[in-house]
Amino acid sequence: MDAPIHPGPYSRELLVLQGDHRSAHIWDGELLSQTLRARRVDDLWDFLHDRVLHERVVHRLQATGFYRIIEIGRIQVDWAMITALIERWRPETHTFHLPIGEATVMLQDVEVLYGLPADGMAVSLPIAMRYMSRDHYLDMLHQLTGFRPQDEAASSGASGLALTPIRQHLELLHPDITDDTEKEYITHYTRLLLLLLFGGVLFPNTSGNLVSLRFLLHLQLLDELPYYN
């Protein structure tokens with residue numbers, strides 16, 4: 001008969017945060033019934049729920065390499081499984097401590113799941129952009145997308161922008177996308193859609209509803225996006 005799996009760390013020399021870790025209660029026999037639920041940002045999926053992207057927009061997104069994420073759609077999360085994984089996640093080592101050993105999420109996993117390249121050019125930010133003011137970022141947003149939020153509350157800090165105003169502006173643009181729409185209009189629409197995707201799916205932050213306008217640097221030339229890591 002196989003020996004039972006040890007419920008906790010054999011040595012506390014490495015896992016120094018064990019005393020404050022959620023798993024400590026479980027390993028001490030105090031089972032927790034609380035299932036953790038992360039905050040989800042659904043602006044992108046709410047926008048796409050009753051709308052079909054025009055073929056020209058689809059082709060533009062496919063060329064950037066990000067359309068597969070939209071094809072996958074909103075992922076139904078197994079919260080019980082996520083909770084179990086959190087109980088096995090150790091911030092000291094940035095790995096899951098499982099009965100079979102340590103494991104973590106690699107860039108290659110993202111490449112397989114989302115089809116995004118993990119071996120391209122490095123994504124970097126010029127030093128000058130790190131010190132840009134909010135007005136400079138909003139000017140850049142208007143130049144690249146034709147959109148500038150009127151509500152001052154939509155901005156957070158120098159580069160943060162709420163996702164909801166972006167979604168609302170896309171709702172206004174959507175009916176005007178036709179076979180005869182100017183290419184520049186399609187490009188503006190695509191950039192806004194990508195900002196919604198970045199802030200709500202790929203790079204959500206603790207605020208739950210913001211995207212960084214620093215991404216605009218790499219949205220200037222959409223055709224170069226597939227070459228970045």
Side-chain angles (χ1 to χ4, degrees), residues 38-77 113-116 123 132 134-205 207-228:
R39 288 178 294 180
R40 300 188 66 176
V41 182
D42 286 331
D43 283 272
L44 175 66
W45 309 122
D46 289 343
F47 172 73
L48 295 175
H49 181 69
D50 297 319
R51 296 176 180 83
V52 177
L53 296 178
H54 192 276
E55 184 179 6
R56 294 179 63 189
V57 176
V58 170
H59 288 165
R60 203 78 176 92
L61 287 170
Q62 287 174 333
T64 67
F66 288 100
Y67 185 65
R68 176 173 169 78
I69 299 173
I70 292 178
E71 287 183 303
I72 293 173
R74 181 193 276 116
I75 296 175
Q76 299 301 317
V77 178
L113 293 172
Y114 280 153
L116 299 175
V123 176
M132 282 175 51
R134 179 170 61 179
D135 285 339
H136 283 141
Y137 275 111
L138 292 178
D139 288 343
M140 189 176 184
L141 174 70
H142 185 262
Q143 177 185 356
L144 294 176
T145 68
F147 169 60
R148 186 186 181 103
Q150 300 300 315
D151 186 0
E152 290 292 327
S155 299
S156 176
S159 61
L161 181 65
L163 295 175
T164 302
I166 298 177
R167 173 176 57 80
Q168 293 172 340
H169 188 69
L170 279 169
E171 290 171 354
L172 296 175
L173 297 181
H174 187 79
D176 296 330
I177 303 294
T178 67
D179 292 338
D180 300 322
T181 302
E182 295 182 5
K183 183 179 179 179
E184 183 181 13
Y185 197 90
I186 299 292
T187 301
H188 287 178
Y189 182 99
T190 303
R191 286 185 178 126
L192 287 173
L193 201 60
L194 286 172
L195 282 177
L196 211 57
L197 186 149
F198 289 170
V201 180
L202 287 180
F203 310 107
N205 53 58
S207 70
N209 189 37
L210 289 177
V211 63
S212 174
L213 293 182
R214 291 178 172 181
F215 287 121
L216 290 173
L217 171 69
H218 296 287
L219 293 181
Q220 295 182 75
L221 301 175
L222 294 179
D223 294 334
E224 293 186 0
L225 284 181
Y227 302 106
Y228 281 94

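Computation of the quantities below employed the complete heavy-atom set of this structure, encompassing side-chain atoms and omitting hydrogens, waters and symmetry-equivalent molecules.
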Original post:
Counting distance only, does the side-chain N/O of R148 pair as donor-acceptor with the main-chain N or O of L141 below 3.5 Å?
Top reply: no
Original post:
Using 30° and 60° as the class limits, which term best fits the ring planes of F47 and Y189: parallel, tilted or perpendicular?
Top reply: tilted
Subject >> Exercise: identify the closest heavy-atom pair between L197 and F66 >> reply: CD1-O, 4.1 Å
**OP:** Kindly write out the residues that satisfy side chain to side chain donor-acceptor pair (under 3.5 Å) with H136, not counting sequence neighbours, or none if the list is empty.
**Re:** S133
**OP:** Using a 4.5 Å cut-off on heavy atoms from C-beta on, say whether the side chain of Q62 contacts that of H59.
**Re:** yes
Original post:
How would you list, by chain and number, every residue that makes a side chain to side chain donor-acceptor pair (under 3.5 Å) with H169, sequence neighbours excluded?
Top reply: none
**OP:** Could you check L48 against L53 for side chain to side chain contact (heavy atoms under 4.5 Å, CB included), going step by step and ending with a plain yes or no?
**Re:** CA-CA 8 Å; L48 295 175; L53 296 178; 3.7 Å; yes
**OP:** Decide side chain to side chain contact (heavy atoms under 4.5 Å, CB included) for L194 and L225; before the verdict, give the C-alpha distance in whole Å, the side-chain angles of both, and the deciding distance to 0.1 Å.
**Re:** CA-CA 11 Å; L194 286 172; L225 284 181; 3.9 Å; yes
**OP:** Answer yes or no: is there a donor N or O on one side and an acceptor on the other, between the side chain of E182 and the main chain of D180, under 3.5 Å?
**Re:** no
Original post:
Which atom pair, heavy atoms only, marks the closest approach of P226 to G65?
Top reply: CG-N, 4.5 Å
Subject >> Shortest non-hydrogen separation from Q220 to R191 and the atoms involved >> reply: O-NH2, 2.7 Å
Original post:
To the nearest 0.5 Å, how far apart are CG in L196 and CG in L163?
Top reply: 5.5 Å
**OP:** Please determine, by modelled atom types, if T190 and T187 share a side-chain donor-acceptor pair under 3.5 angstrom.
**Re:** no
Original post:
Considering residues at least two apart in sequence or located in another chain, which fulfil the salt bridge (charged side-chain N to carboxylate O under 4.0 Å, His left out) criterion with R214?
Top reply: none
Subject >> Results of side chain to side chain contact (heavy atoms under 4.5 Å, CB included) for F203 - residues two or more places apart only >> reply: F198, F215
Subject >> Spacing of CD1 belonging to I70 relative to CG belonging to L44, to within rounding of 0.5 Å >> reply: 5.5 Å
Original post:
In Å, rounded to the nearest 0.5 Å, how long is the span from CG of L216 to OH of Y137?
Top reply: 8.5 Å
Original post:
Does any pair with a residue in residues 59-74 pass salt bridge (charged side-chain N to carboxylate O under 4.0 Å, His left out), and if so which ones, sequence neighbours excluded?
Top reply: D42-R74, D46-R74, R60-D223
Original post:
Taking the side chain as C-beta and beyond, is there a heavy-atom pair between V201 and W45 under 4.5 Å?
Top reply: yes
Original post:
If you round to the nearest 0.5 Å, how far is CG of L144 from CD of E184?
Top reply: 10.0 Å
Original post:
Are side-chain heavy atoms of L138 and S155 found at a separation under 4.5 Å?
Top reply: yes
Original post:
Taking H54 as the fixed residue, which of D176, D179, T181 is the one that meets the side chain to side chain donor-acceptor pair (under 3.5 Å) rule?
Top reply: D179
**OP:** Could you check if a side-chain atom of L192 sits within less than 4.5 angstrom of a side-chain atom of L173, using non-hydrogen atoms only?
**Re:** yes
Original post:
Going through the distances and angles, do L161 and L195 end up as a side chain to side chain contact (heavy atoms under 4.5 Å, CB included)?
Top reply: CA-CA 10 Å; L161 181 65; L195 282 177; 5.6 Å; no
Original post:
What distance separates L219 CG from H188 NE2, expressed to the nearest 0.5 Å?
Top reply: 12.0 Å
Subject >> Y228 atom OH, neighbour heavy-atom count above 12 within 6.0 Å >> reply: yes
Original post:
Does the T164 side chain pair with the main chain of D43, one donor and one acceptor, at a distance under 3.5 Å?
Top reply: no
Original post:
Who are the side chain to side chain donor-acceptor pair (under 3.5 Å) partners of E171, not counting sequence neighbours?
Top reply: R167
